[in-house]
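By convention in this document, chain letters (A, B, ...) are assigned in the order of the sequence lines, proteins followed by strands, and residues within each chain are numbered from 1. This structure is a prediction, so every number in the text was calculated from the model and none was measured.
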Amino acid sequence: MDTLGSLRRTHTCSQLGADNVDQEVILTGWVLRRRDHGGVIFIDLRDRWGITQIVFNPEYNAAVHAKAHQLRSEWVLAVRGTVFRRPPDMENPKLQTGAIEVLVSELRILNASETPPFPIDEYMEVSDNLRLQYRYLDLRRPEMANNLVLRHRAVQAVRSFLNDNGFLEIETPMLTRSTPEGARDYLVPSRVNPGRFYALPQSPQLFKQLLMIAGMDRYYQIVKCFRDEDLRADRQPEFTQIDMELSFVDEEDIITISEGMIRAVFRETLGIDPAPPFHRMSYDEAMRRFGTDRPDTRFGLELVDLTEVLGGCTFNVFKTTIDNGGIIKAINARGCAGFSRKDLDDLTDYAARFGARGMAWIKIRENEWQSPITKFFSDQEIDSMREALAAEPGDLILFGADREAVVNQVLSELRLELARRLQLIPADTYDFLWITDFPLVEYDSAEKRYAALHHPFTAPQENGGDIPAGDPARLRSRAYDLVLNGNEIGGGSIRIHQKDMQEKIFALLGIGPEEAREKFGFLLRALELGAPPHGGIAFGVDRLMMILTGSSSIRDVIAFPKTQKATCPLTDAPAPVERKQLTELSLRPDWKE
RNA sequence: GGGGUCGUAGUUCAGUUGGUUAGAACGCCGGCCUGUCACGCCGGAGGUCGCGAGUUCGAGUCUCGUCGGCCCCGCCA
C-alpha cells in the first residue's frame, strides 16, 4: 500500500480533453473497471466528477504495468501520467473525457477494496435494503451522486436568491415543545426535568412568526422537520423544508418571491426558465374539476358533476346516493370505448383501493350507449350527459357515486391512472399551479370538531371577524399551495397577527382559553407586543428534488434515508439503549427485552 | 391498524401438476490475450432456497406462522 504523500490531483476525472494533450497530470479516484489485455491494461478511473481511462503499457513502463495487474474494483488510486490523444477511431463518445487517455508513469495504490457486495454501475437494479446498508457504495453510482450534486445546486440557488432579496438565514431550535394538532411528534425526554419532554419540530412555524415579531422582517432557513407518521414513497420521517417568513406583506408578495425563487432553482439546475406568473386556481375549482387540491394539469380527463342531471334517474345506486346527500361525477375517457372487460375490472379494482364500492361505465358506440345501466336513463338524461361530457362515439364514461369526498378521491386517482395508462402525461413538462382560497377549517368527524386545514395560525379572509357566526366550513383562509405536476411542493399563508383573532380561531378549533394559554401563551403574549402583519411559505426540498431528478422515490434524493419501517439499515437505527440511559431519563421500560 | 407484492449463488433472476445432483447471466478466482471501453476466449469455485412449524414416501414448489424490502389505504394541521 502506498501513501498519498505530497501527490495532489491536478484535474478531476471529468476535466481532461484534447486541450490537455502532452500535459503531465495527476488523477485520483476509484477503479470502476479494468480491461486487462495481458499486455496493455485499461482502467476506468472514477471520481465524483466523471470517468477517465488510464492506460498501463509494459513497453512504456514495465514496473508500473506489473504493479497494475493486481488492481481490482473500487481500489483507490493516485496516478501520474501523460495525456494522450486517442486515435480517431478509438475515441469513446460516451465519455466526457473520451477524446483522451492518460498513460501512467507512476501508480500509487492508496487502498485496496474487497469485492463490493453489488456492482457500482447503472446496469443492474440492486435491492433497496442492500443499497441502504451500503449507502456509501450506492452513492458512488453516478446517478445517485448526480442527484446530490443537483440538490446542492438547488439549495445554493435558493440561498443566493433569498440573500439577494433581503432575507436572513436564522436557525431555530430542534429541541422544542410538543404542540397539539398536526402530526405525531418525535419526543425527546429531558434528563434534568424528569417527566418532561421536548419534541422535534414538525416545522419551525411558531419560531419564524416570533422572528417576525422580533423585527427580523425576512427570514429563511433550510431546515429539517420531523413527523412521526407512516412512510410513503414521497414521505420520510425527517425531511427538509425551505422555510421562509416575511413581514408587512400580503399573499401577492409571498407568491411573487416564491415564483422568483422557484425560477432561480429551475434555471440553476435544469437550465429551464419557468416564467412567472404561474397559473392560479381556487380550491373550490380544483376540487370541482379535478377532485383534489393538487391537480395535475398537464392533461385533461376532468371531472364532470352529473348530480343535477341525474337527480331524477331510476338507477337505484345513483338515486340512493343522491337521496342521501351524495354526488355523481364522471370522467370522459376519450377514445376508450374499446376497453375490455378486464380493463374495466382492473380500473374498478383500482378505484376500490380508494373507497369506491363499484364503478359504473358506459361505452359510447355509434348507435348506442353500451352499458348495463343505460336502460335506467331517459333520452333526456342521456342527452344531458352527452352535452355535459361532450361525449362522442368511441368514448368511455366512468362514474363515481358516493359521498362527495369519496367521489372526488376515487375519480381523481382514477384520472391519474387513466392518464398513465393512456400515456397522456407529457414528459419534461413542468406545470406550476397556485391553489388559493382554501377553507379555513374542515369538520373532523372522528374528533367531532373543526380542525385547521392548514394550521391554527392561518389568517381567515376578511369576514373572519364574524366567527363563529354562520357555518365555519364556509370560511376561506389566506392560505396558498404551490402545485407542480400534481405534487404539492409548497404551502403557506398570511398569519394571524392580532391576539383577538388568534383567540377566536383557537376557540373555533375547540382549543379552550386555558389550553390556549398553557400551550400557546407565549405566542398570544407576543401578539400583544407589537406583532407586524406577516406571512410565509415552506417548500419541500425532497419532493422538489424528486421532480427535478425524475426520481420515483424521495429516498433517491436523500443521502441517508430510512426504510418504510423508519429504520436505517446502515447504522441499524433505531437501536436499544443501555438501561442506565433510561434510568437517567427517569424512564421505566415496560416492553420485552 | 389494514391490503397487495417480493424474498433462491456475491448481484439480478429462472425454476413446469410436489419427484434424480437447484440453473442462467453478471461478478469472483485461475489461465491466455498489446487497443479495449459493460473487452474477448478457456477453465473453476460458489446455495441453511429469509426463518420456524405443518401436510407428504418426498417441499425451493402446498398450508400456517414469523421476519424483512417495496407499493398502497388509514395516518401525514
**Request:** Check if the side chain of A/Arg232 and the base of B/rC70 share a donor-acceptor pair of N or O atoms closer than 3.5 Å.
**Result:** no
**Item:** Flag if over 12 foreign heavy atoms under 6.0 Å of CZ, A/Arg357
**Value:** no
**Request:** Name the nucleic acid region contacted by A/Thr567, choosing base, sugar-phosphate or nothing; use a 4.0 angstrom heavy-atom cut-off, strictly under.
**Result:** sugar-phosphate
**Request:** For A/Arg86, report the nucleic acid contact type (base, sugar-phosphate, nothing); a contact means any heavy atom under 4.0 Å.
**Result:** base
**Prompt:** For A/His37 and B/rC39, are the ring centres under 5.5 Å apart with planes inclined under 30°?
**Reply:** yes
**Request:** Measure from the side-chain heavy atoms of A/Pro58 and tell me the nearest of B/rU36, B/rU34, B/rG74.
**Result:** B/rU34
**Request:** Pick base, sugar-phosphate or nothing for A/Arg131, based on heavy-atom distances below 4.0 Å to the nucleic acid.
**Result:** nothing
**Donor-acceptor pair, side chain of A/Tyr480 and main chain of A/Ser493, under 3.5 angstrom** = yes
**Request:** Scan A/Pro116 against the nucleic acid and name what it touches under 4.0 Å (heavy atoms): base, sugar-phosphate only, or nothing.
**Result:** nothing
**Message:** Both A/Thr115 and A/Leu103 contact RNA chain B. Taking the nearest nucleotide for each, which residue is further toward the 5' end?
**Reply:** A/Thr115
**Prompt:** For A/Gln70 and B/rC29, is the shortest distance between a side-chain N/O and OP1 or OP2 below 4.0 Å?
**Reply:** no
**Message:** Need one value for A/Arg353: base, sugar-phosphate or nothing, where a base atom within 4.0 Å counts as base even if backbone is also close, heavy atoms only.
**Reply:** sugar-phosphate
**Request:** Side chain of A/Glu101 only, please: which of B/rU12, B/rU36, B/rC37 is the nearest?
**Result:** B/rU36
**Item:** Ring-on-base stacking B/rA38 with A/Tyr123 (under 5.5 Å, under 30°)
**Value:** yes
**Message:** In this structure, how many angstroms lie between the P atom of B/rA77 and the CZ atom of A/Arg294, rounded?
**Reply:** 13 Å
**Message:** Among B/rG74, B/rA77, B/rC29, which nucleotide has an atom closest to any side-chain atom of A/His455?
**Reply:** B/rA77
**Asked** Between B/rG69 and A/Thr563, is there an OP1 or OP2 to side-chain N/O distance shorter than 4.0 Å?
**Response** yes
**Asked** Would you say A/Glu515 has more than 12 foreign heavy atoms packed within less than 6.0 Å of its CD?
**Response** yes
**Base B/rU11 to side chain A/Glu125, donor-acceptor N/O within 3.5 Å cut-off** = no
**Integer-rounded Å distance: B/rG35 C1' and A/Asp44 CG** = 13 Å
**Fill in**
A/Arg34 CZ to B/rG40 P, in whole Å, measures 13 Å
**Request:** Pick base, sugar-phosphate or nothing for A/Ala183, based on heavy-atom distances below 4.0 Å to the nucleic acid.
**Result:** sugar-phosphate
**Request:** Would you please classify the geometry between the A/His455 ring and the A/Phe457 ring as parallel, tilted or perpendicular, with 30° and 60° separating the classes?
**Result:** tilted
**Request:** Using whole Å, report how far CZ of A/Phe354 lies from P of B/rC72.
**Result:** 9 Å
**Request:** Just compare B/rU11, B/rC28, B/rG74 and give me whichever is closest to any side-chain atom of A/Ser73.
**Result:** B/rC28
**Message:** If I take atom CD1 in residue A/Ile554 and atom P in nucleotide B/rC70, what distance separates them, rounded to the nearest angstrom?
**Reply:** 13 Å
**Request:** Consider the side chain of A/Leu130, meaning its heavy atoms from C-beta on, and name the nucleotide among B/rU11, B/rC70, B/rU36 that approaches it most closely.
**Result:** B/rU11
**Asked** With under 30° as parallel and over 60° as perpendicular, where do the rings of A/Phe520 and A/Phe522 fit, or are they tilted in between?
**Response** tilted
**Prompt:** So which nucleotide from B/rG10, B/rG74, B/rU36 ends up closest to the side chain of A/Phe42?
**Reply:** B/rU36
**Message:** Distance criterion of 3.5 Å, no angle test: do you see the side chain of A/Arg33 paired donor-to-acceptor with the base of B/rC37?
**Reply:** no
**Asked** Which listed nucleotide (B/rA77, B/rU11, B/rG68) is nearest to the side chain of A/Met124?
**Response** B/rU11
**Message:** Classify A/Glu122 by what it touches in the nucleic acid, base, sugar-phosphate, or nothing, heavy-atom distance under 4.0 Å.
**Reply:** nothing
**Asked** Base, sugar-phosphate alone, or nothing: which one does A/Asn92 contact when heavy atoms must sit under 4.0 Å apart?
**Response** base
**Request:** Side chain of A/Asn129 only, please: which of B/rU12, B/rG69, B/rU34 is the nearest?
**Result:** B/rG69
**Partner nucleotide of B/rU63 by Watson-Crick or wobble geometry (both distances under 3.5 Å)** = B/rA53
**Request:** Would you mind classifying the nucleic acid contact of A/Asp228 as base, sugar-phosphate or nothing, using non-hydrogen atoms under 4.0 angstrom?
**Result:** nothing
**Prompt:** Should A/Arg294 and A/Asp481 count as an ion pair when the cut-off is N to O under 4.0 Å?
**Reply:** no
**Fill in**
Of the candidates B/rG35, B/rC75, B/rC37, the side chain of A/Glu229 sits closest to B/rC75
**Prompt:** Judged by atom type as modelled, is there a donor-acceptor pair below 3.5 Å linking the side chain of A/Asn408 to the main-chain atoms of A/Ala405?
**Reply:** no
